[in-house]
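All residue numbers refer to positions in the sequence shown, counting from 1. As the structure is a computational prediction, the values presented were derived from the model and not from experiment. Heavy atoms only: backbone and side chains are in, while hydrogens, waters and symmetry mates are out.
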Amino acid sequence: MRDPRLHRGRRFRGAAALESLAQLSPGDHIVHMEHGIGRFRGLERVVIGGESIEALVVEYDGDELLRVPVHRLDQVERWVGAHPGDRPPRLHRIGGRRWKTLKRKTESAIRRTTAELLELYAARRSRAGHAFPPDTRWQRAMESAFLYEDTPDQRTAVEAVKRDMESPWIMDRLVCGDAGYGKTEVAIRAAFKAAQDGKQVAVLAPTTVLVAQHVKTFGDRLADYPVNVASLSRFDRPAAQREVLAGLRRGTIDIVIGTHRLLSGDVAFHDLGLVVIDEEQRLGVRQKERLKRLRTTVDVLTLSATPIPRTLHLSLSGIRDLSLIRTPPRDRMAVMTHVVEWSDGLIAEAGRRELDRGGQVFFLHNRVETIDAAAARVRRLLPDAQVDVAHGQMGAAPLDRAMTRFVDGRTDVLVCSSIIENGLDVANANTLIVTRADRFGLSQLYQIRGRVGRWDRRAYCYLVVPETVTPEAEKRLRVLEHYTELGSGYQIAMRDLEVRGAGNLLGEDQSGFAHAVGLDTYMRMVQEAVKRMREAPGREPFPRPDVVMEGGACLPDAFVADPQQRLHLYRRLSEASDRQDVRSLSREIADRFGRPPREVRRLLDKALLGLAGRDAGVDRILVRGGNARVSFRPDVVPRMSALEDALAGEGVNIDVRRIAPLSLILQCGDQERLAEVVARAMDALGGQSDAGNVL
């Protein structure tokens with residue numbers, strides 16, 4: 001029996017759920033992109049060609065061991081099952097055919113399933129969109145009238161949306177931010193920008209309650225400007241609907257806010273320029289198909305607190321653009337979340353505490369058949385409270401009256417269904433009680449919790465569950481209890497991506513492949529497939545050259561004691577895309593761990609030389625003492641005159657050891673400057689300008 005007393009859930013302070021190698025422990029399964037699934041045995045110091053380096057030891061079938069140098073950690077992913085509790089497949093053999101066949105089949109399946117998405121992307125990129133003009137004086141005045149101070153993330157999201165709208169391409173941007181973090185204000189500014197240019201705006205909301213709230217919010221913000229805002233939903237009177245439809249056709253309505261009724265066949269716009277979608281996951285398949293066609297013709301802005309895994313994955317894969325609003329508004333506090341069993345005394349105490357401070361209570365009971373009985377029980381527990389009922393099967397007028405009374409503060413407790421899930425903003429309601437919380441999905445629970453905590457007052461959420469729940473429900477509730485930090489909606493979505501499994505990424509038919517290669521590897525292969533199919537055909541970039549430096553090049557145990565921290569840093573260094581990444585990491589290492597010893601400086605110099613050599617078409621670099629031998633790839637013909645000009649006056653001797661393919665010996669009297677000199681030489685040969693030692 002769970003203790004009915006209130007306990008604060010332990011806060012989870014980890015990074016995004018799919019941050020891979022830093023979570024490895026000996027015995028975990030990993031995936032090498034060339035050799036397949038193996039078992040991680042630990043880190044080991046090895047000497048190769050006189051150089052001491054650290055390597056991952058991976059066990060494969062037949063007790064074979066593979067040692068992966070840390071500078072090749074970009075080839076390794078942690079194995080994560082496609083579904084919770086999945087057992088890893090059996091180990092592969094080093095260089096075996098089974099992995100190569102599986103990898104080829106997975107890549108083929110990914111190409112097939114991403115083709116439609118990429119066609120949509122290509123259609124948007126191939127068609128010229130409407131380029132909106134820069135901000136007007138009205139735009140600046142309207143934005144400056146915002147009652148609250150923009151958060152840094154909110155400001156960045158607004159700038160990104162405007163930049164997309166002003167570009168000649170068709171926008172498809174997802175703005176992800178917690179409830180009450182200002183996503184609606186981003187949409188209002190985008191809508192006003194479109195309306196000023198004579199374009200119409202359609203705002204799509206999942207419920208009539210949210211439509212009514214958006215109409216009020218948009219209307220209040222734009223009241224001082226000649227912008228006509230209207231609403232459209234199936235609950236509107238037929239005459240009112242006909243009037244709005246006529247106004248949309250004539251162009252007399254600038255902004256229309258409605259439910260999926262907006263996607264009906266009889267809705268025609270005079271000149272539609274922007275579609276704003278609030279919580280796309282609540283739409284049905286047919287509505288999404290209609291939106292798919294819209295996405296190739298007009299700018300689309302999607303708002304979400306916890307995007308469903310598929311939506312989030314597409315954003316991560318680069319098919320859609322993503323803006324994150326993580327910084328909370330000033331004075332916002334995290335919601336205290338408790339998972340409890342039902343207790344009359346506990347529920348009464350929670351309700352009285354909220355009412356005693358002048359607040360209001362959401363009591364969510366998601367079974368319409370018994371919601372009136374639940375309301376009667378609440379009235380018995382809180383006899384002095386004004387209790388009302390609201391659910392989606394009520395008529396439009398009674399529902400509107402119930403919601404209006406609660407928003408206006410005339411109702412103390414609203415016993416409701418999940419109709420309140422999306423966007424309802426009642427700042428004075430800061431206690432939420434959810435019965436049978438185990439029956440909700442993770443993202444849905446997070447959305448529901450977002451109904452409270454929208455003010456500078458501490459909010460409370462009680463997730464009421466029976467004594468016994470399924471393991472999957474227990475996992476969902478534990479995640480929500482852990483993620484109580486402000487701005488954790490993005491982490492919730494990332495965790496949902498892992499918990500709900502790869503079937504939600506691109507369809508259930510992909511689950512088998514995601515299980516076989518691991519979810520992290522599967523996501524990586526999707527991203528690589530998208531990148532290849534998006535890029536114009538041309539010369540493939542050169543791979544990084546092998547870089548060998550005399551002496552140790554590693555993170556010594558005495559400098560970074562935690563093996564997982566070392567793995568994390570090695571991984572980041574192996575994935576650095578340019579030399580600025582290496583410099584940033586070197587500054588971070590010095591700040592966190594102190595002045596780096598020689599082995600660490602050599603490690604960072606190796607990364608620098610690897611990136612410089614990649615850009616110049618170098619195959620191998622060998623550094624010993626004051627000499628560096630640089631061997632180029634057979635298909636690369638550097639310009640030697642550029643090299644001589646770049647190193648003039650540096651006191652560097654250049655010796656050509658082989659003409660084809662070119663191999664040089666660079667001699668520098670100052671060994672500490674050798675890496676810098678070699679990088680500058682390769683910059684000159686590769687036509688680059690960014691060089692320099694990292695330390």
Side-chain angles (χ1 to χ4, degrees), residues 129 132-136 138-167 169-197 199-206 210-211 213-222 225 227 229 254-257 273-281 291 295 298-307 311-312 315 320-330 332 422-425 447 450 454 486-487 489-490 493:
F132 289 92
D135 285 356
T136 64
W138 276 7
Q139 183 82 29
R140 291 189 290 271
M142 187 276 290
E143 293 183 4
S144 65
F146 188 44
L147 294 177
Y148 308 97
E149 180 182 354
D150 289 355
T151 65
D153 284 356
Q154 190 181 26
R155 195 157 45 243
T156 301
V158 169
E159 291 169 358
V161 170
K162 289 180 181 178
R163 188 167 58 247
D164 287 352
M165 293 178 69
E166 292 172 10
S167 79
W169 307 113
I170 299 171
M171 176 175 72
D172 188 7
R173 179 168 291 275
L174 168 65
V175 176
C176 176
D178 275 14
Y181 274 39
K183 300 186 298 296
T184 303
E185 177 64 20
V186 175
I188 290 172
R189 296 181 186 185
F192 188 55
K193 185 178 185 70
Q196 288 178 90
D197 199 34
K199 293 289 185 178
Q200 292 173 297
V201 181
V203 181
L204 196 61
L210 188 54
V211 167
Q213 184 168 297
H214 276 336
V215 169
K216 184 177 186 306
T217 304
F218 274 69
D220 290 346
R221 286 288 282 122
L222 304 179
Y225 303 94
V227 176
V229 180
D254 302 298
I255 300 173
V256 61
I257 303 170
L274 173 67
V275 175
V276 179
I277 308 168
D278 201 346
E279 303 300 344
E280 184 177 355
Q281 63 263 40
L291 281 175
R295 279 199 163 97
V298 298
D299 286 356
V300 176
L301 174 64
T302 305
L303 313 177
S304 184
T306 51
T311 305
L312 178 62
S315 299
R320 300 176 69 182
D321 298 310
L322 174 67
S323 293
L324 298 179
I325 303 181
R326 283 171 155 171
T327 47
R330 183 176 294 181
R332 186 69 56 86
N422 294 106
L424 188 65
D425 189 359
Q447 288 277 55
R454 303 171 75 92
L486 290 169
Y490 184 71

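Heavy atoms only, all atoms of each residue included: S323 and R173 are closest at OG-NH1, 2.8 Å. What you find for K183 and G177 is that their closest heavy atoms are NZ-O, 2.9 Å. A191 approaches I255 most closely through the heavy-atom pair CB-CD1, 3.9 Å. Of all the heavy atoms in V276 and A187, the pair that sits closest is CG1-CB, 3.8 Å. Closest heavy-atom contact between V211 and A205: CG2-CB, 3.8 Å.
Here the CD1-CZ distance, from I188 to R221, works out to 6.0 Å after rounding to the nearest 0.5 Å. Expressed to the nearest 0.5 Å, how far CZ of R189 lies from CD of Q139 amounts to 8.5 Å. Between D278 atom CG and L204 atom CG the span is 9.0 Å, to the nearest 0.5 Å. To the nearest 0.5 Å, the span separating CD on E159 from NZ on K162 amounts to 7.5 Å. To the nearest 0.5 angstrom, T217 atom OG1 is 10.5 Å from L222 atom CG.
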Checking S304 against L174 for the side-chain contact (heavy atoms from CB on, under 4.5 Å) test, could you report, in this order, the C-alpha distance in whole Å, the side-chain angles of both residues, the deciding distance, and whether it holds? CA-CA 7 Å; S304 184; L174 168 65; 4.1 Å; yes

Between T184 and H214, does a side-chain contact (heavy atoms from CB on, under 4.5 Å) hold up when you go through it step by step? CA-CA 8 Å; T184 303; H214 276 336; 3.7 Å; yes

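Taking the side chain as every heavy atom from C-beta outward, V186 and I325 approach each other to under 4.5 Å. In this structure, D164 and D299 have side chains that are not in contact, with every pair of non-hydrogen atoms separated by 4.5 Å or more.
Scanning for side-chain hydrogen bond (donor to acceptor under 3.5 Å, both in side chains) contacts around D153 gives an empty result, with sequence neighbours left out. In terms of the side-chain hydrogen bond (donor to acceptor under 3.5 Å, both in side chains) criterion, residue partners of K193 (sequence neighbours excluded) are, by chain and number, D135, E166.
Screening L274, D321, L301, T156 for a side chain to side chain contact (heavy atoms under 4.5 Å, CB included) involving V161 leaves a single residue, L301.
Under the 3.5 Å distance criterion, the side-chain polar atoms of K199 are left unmatched by any main-chain donor or acceptor of A194. Here the side chain of Y225 pairs no donor or acceptor atom with the backbone of F192 at under 3.5 angstrom.
Between the side chains of E185 and Q154, not a single donor N or O lies within less than 3.5 Å of an accepting N or O.
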